[in-house]
Amino acid sequence: MHSSERRVISVIVLNEHGVLSRITGLFAARGYNIESVTVAPIPGSKYSRLTIVTSGSPRVIEQIIKQLHKLIPVYKVIEHSELVEKEMVMAKIPLEERLADVEALCRAYNGNIVNIGTDTAIIMAADEPSRIANFIKALKRFNPKEIVRSGVVAIER
Amino acid sequence: MATMTGAQMVVEAMREENVEVVFGYPGGAIMNVYDEIYKKRYFQHILTRHEQAAVHAADGYARATGKVGVAFVTSGPGFTNAVTGLATAYMDSIPIVVISGQVPLSMIGTDAFQEIDAVGISRPCTKHNFLVKSAEELPEILAKAFYIARTGRPGPVHVDIPKDVTAQMAEFNYPKEVKLETYKPTIKGNARQIKKAVEAIAKAKKPVFYLGGGIIHSNSADLVRDLVAATQIPAVETLMARGTLRYDDPMLLGMVGMHGTYAANMAMSEADLLIALGPRFDDRVTGKLSEFAKYAKIIHVDIDPSSIGKLVHVDYPIVGDLKAVLTELVPQAKEKVDPARYESWREILKRYQELHPLTYEDSDEVLKPEWVIQRIGEKLKGKARISTDVGQHQMWTAQYYPFTRPREFITSGGLGTMGFGFPAAMGVKRGVPDEISVNISGDGSILMNIQELMTAVENRLPVINVILNNNYLGMVRQWQTFFYDKRYAETDLSMQPDFVKLAESFGGVGYRVKTKEEFDAALEDAISKNVVALIDVIIDRYENVLPMVPAGGSLYNMLLEYKD
Ligand SMILES: Cc1ncc(C[n+]2csc(CCOP(=O)(O)OP(=O)(O)O)c2C)c(N)n1
Ligand SMILES: [Mg+2]
């Protein structure tokens, strides 16, 4: 069989009733993967932009793109390989951890400490998805209580 | 511009769209619309006796006429009953618009009486659907619904209208033209691709036309006939393409696929070029994909880009409306293709045809279904539209009926919906009143929408139902015979109604026949009386549909006979 490849697909859709369920429903019905999906309105337009991270063989990826095109409210499907991708992550770190080290780590990944509560500090970082994965690995030794990832957003070069 | 209620807009929109008939069934949430139907009488409304039948009737009407079929149903159970109809139309790309009532906007999401998430349910089995949020947007949505249903790759569109929206007042401003910036089907094929395809045909040694349902939808059978005649390239038809070529066209090898002819399936298996015009490479056609048309390069013309390359690699993809593409392609092919080139290939295929033609053993003791179908063909060829239900009788009809033109054969291919035939045949009769409408059915299928006898009688839609009665869910029984050691789990239908009395109780005419003479007499009588008829034809209950490619097997590995 063909090897599975990771793909980031941006979909520009009309902001209308049920449009998100059309897209996620398509993925579910046809057995396509969704690793992450982010969605927000495009400022100053009647469209929204979804960024979907998926994987599959080249034939499956081609079908995903064609099937997305086929949905009536889909305006554009962008499958640039030249995409700049970013992802954000937030985490809660116990206050007894060495926060100076935590902060230094965050800085290396375009982040910082954003909030300090009674027993945890909230940190964030925003970087390329693969670097975010590394960041999360590195964060492990500070015993994070909770980690929240945003999913990928992307824009073509 | 006039101000009016949402309900009025619905009937006005039907008038704008030249809708002559709506099949439907009323209920609470859609009563405002029905009130306007009553007051305005712009179009005929045919009250079916089940919502599923209303949608199948609209579907049959669309298949026979090429126009958009329309059905109205109420919310909740009215809508859920209609879902099988939507799915059937969706799988076969049939243009219909189904309008359902919905609970008032303010009650949506409260589990109100007869509330169901209708657009949530219809999303995967429609081309598109709408939940209307205000009367203001209703005219545009209705115009879009018709436009989307009939353009591009056609399909069913569902419009769900909350009851309060049908009471709301707004301006009725019906768009003369619909433009959707997010939906623009490709019509014209790429000129360079067309040229390359013609070159590939001219260079091929063993080309085959693989004719699909897209030909019927795009009304391009005439162009296909022209192309086949000019190139003298043999052709196979899918179930959905039957009638593209005349049954007696010398280039026609017959139907392809699971119950296709030996010659058609062998042609696909040995070809060096498939010229696929509007098929979708369904698994019932291809069999095992890795063995399918192994030696062939593939040209595929389709209006739906997602159909191309979905299952098999395509060497010459052409996205576009088949009619537009063929209009370009046919003159080029006439110029560049030398029909003499394929002479030896035609010889090979002719030998295959002679080696294993479609055959059955006729009998003096019991009626054979194949004979019955051939007989109907002898009597009605070119003068009738033939609908079917689903099962063995459907496949025998596809194999043995002498089709002469597109839209003559009306059958549920993609979904394979038992119960489709009779209501579809009513829609066919309504759409093409001058022709005889026959439904060839099975003793299982006919009972799935038998209540439509009442609709047909009431509305004088004289459909002739020919029940090929084998006292079995025959197609399933056949699989049990072949692949389950004759363990006939729940397929024996020996317990039967009296179909003659059944027909009579609805005001139709019933016949029960066991011999050729009786069959001839019954068919004659039903035709001359012009009534709703049930002809209960007792046939050999052990007859099998052959040839057969076992599911998942290779197209060239056909069971050609079965000996007990
Ligand atoms: C609604 C529905 N339920 C079940 C099936 C599965 N099925 C396919 S053919 C068949 C048997 C049909 O029996 P009958 O109508 O008597 O036709 P025959 O095969 O005997 O000609 C069944 C149960 C189906 N296609 N549709
Ligand atoms: Mg039967």
Side-chain angles (χ1 to χ4, degrees), chain A residues 1-5 7 9-34 37 39 41-42 44-52 54 56-79, chain B residues 87 90 93 102 105 108-109 117-134 137 140-141 144-145 147-149 151-153 155-160 162 178-186 281 289-290 302-314 317 319:
Chain A
M1 273 323 281
H2 286 293
S3 61
S4 188
E5 55 180 272
R7 262 312 233 307
I9 300 172
S10 296
V11 193
I12 315 293
V13 297
L14 276 175
N15 278 328
E16 59 177 36
H17 175 86
V19 67
L20 194 57
S21 74
R22 286 184 206 283
I23 293 184
T24 53
L26 169 70
F27 275 73
R30 295 192 181 262
Y32 306 145
N33 273 324
I34 298 185
V37 54
V39 56
I42 297 173
S45 84
K46 54 186 178 194
Y47 295 105
S48 282
R49 183 178 180 121
L50 277 91
T51 309
I52 301 170
T54 183
S57 66
R59 175 172 288 162
V60 168
I61 299 286
E62 186 188 323
Q63 263 299 305
I64 292 176
I65 290 161
K66 286 176 167 177
Q67 293 291 346
L68 283 167
H69 265 298
K70 205 166 140 180
L71 296 174
I72 307 284
V74 168
Y75 181 57
K76 227 182 188 176
V77 182
I78 302 161
E79 24 124 11
Chain B
Y90 180 66
S93 307
Q102 181 55 282
L105 280 172
I108 287 182
D117 175 10
V119 287
I121 292 173
S122 70
R123 187 180 43 68
C125 56
T126 51
K127 182 171 173 186
H128 196 53
N129 62 14
F130 297 91
L131 172 61
V132 184
K133 292 290 191 58
S134 71
E137 61 182 39
E140 200 178 321
I141 285 178
K144 282 181 185 169
Y147 175 73
I148 291 169
T151 54
R153 178 179 183 169
V157 179
H158 166 218
V159 184
D160 198 33
V178 178
K179 275 220 174 91
L180 289 159
E181 53 198 323
T182 60
Y183 169 73
K184 294 193 178 96
T186 307
F281 296 78
L289 273 174
S290 57
D302 207 293
I303 194 154
D304 178 0
S306 74
S307 249
I308 299 180
K310 180 172 68 175
L311 293 154
V312 299
H313 173 75
V314 171
V319 178

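Naming: A, B, ... by sequence-line order, numbering from 1 per chain.
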Test side-chain contact (heavy atoms from CB on, under 4.5 Å) applied to B/Ser306 and A/His69, A/Glu62, A/Gln63, the passing residue: A/Gln63
Check: A/Lys66 and B/Ser307 side chains under 4.5 Å, non-hydrogen atoms: no
B/Lys133 versus chain A, the contacting section by heavy-atom distance below 4.5 Å: side chain
Beyond-backbone contact of B/Asn129 with A/Arg22, side-chain heavy atoms, under 4.5 angstrom: yes
Contact check, side chains of B/His313 and A/Arg59, non-hydrogen atoms, under 4.5 Å: yes
Among A/Gly25, A/Pro73, A/Gly18, A/Ala29, residue most engaged with chain B (heavy-atom pairs, under 4.5 Å): A/Pro73
Residue A/Tyr75 excluded, over 12 heavy atoms near OH under 6.0 Å: no
Side-chain heavy atoms of B/Phe130 within contact of A/Ile72, under 4.5 Å: no
Separation between NZ of A/Lys46 and CD of B/Glu181, rounded to the nearest 0.5 Å: 3.5 Å
Euclidean distance, B/Asp160 CG relative to A/His17 NE2, rounded to 0.5 Å: 8.5 Å
Region of B/Ile148 in contact with chain A, defined by heavy-atom distances below 4.5 Å: side chain
Distance in Å, A/Leu14 CG paired with B/Tyr183 OH, rounded so as to fall on 0.5 Å steps: 14.5 Å
Pairs of heavy atoms under 4.5 Å with chain A: top-ranked of B/Leu131, B/Ile308, B/Thr182, B/Asp304: B/Thr182
Residue part contacting chain B, namely of A/Leu26, when any heavy atom lies under 4.5 Å: backbone
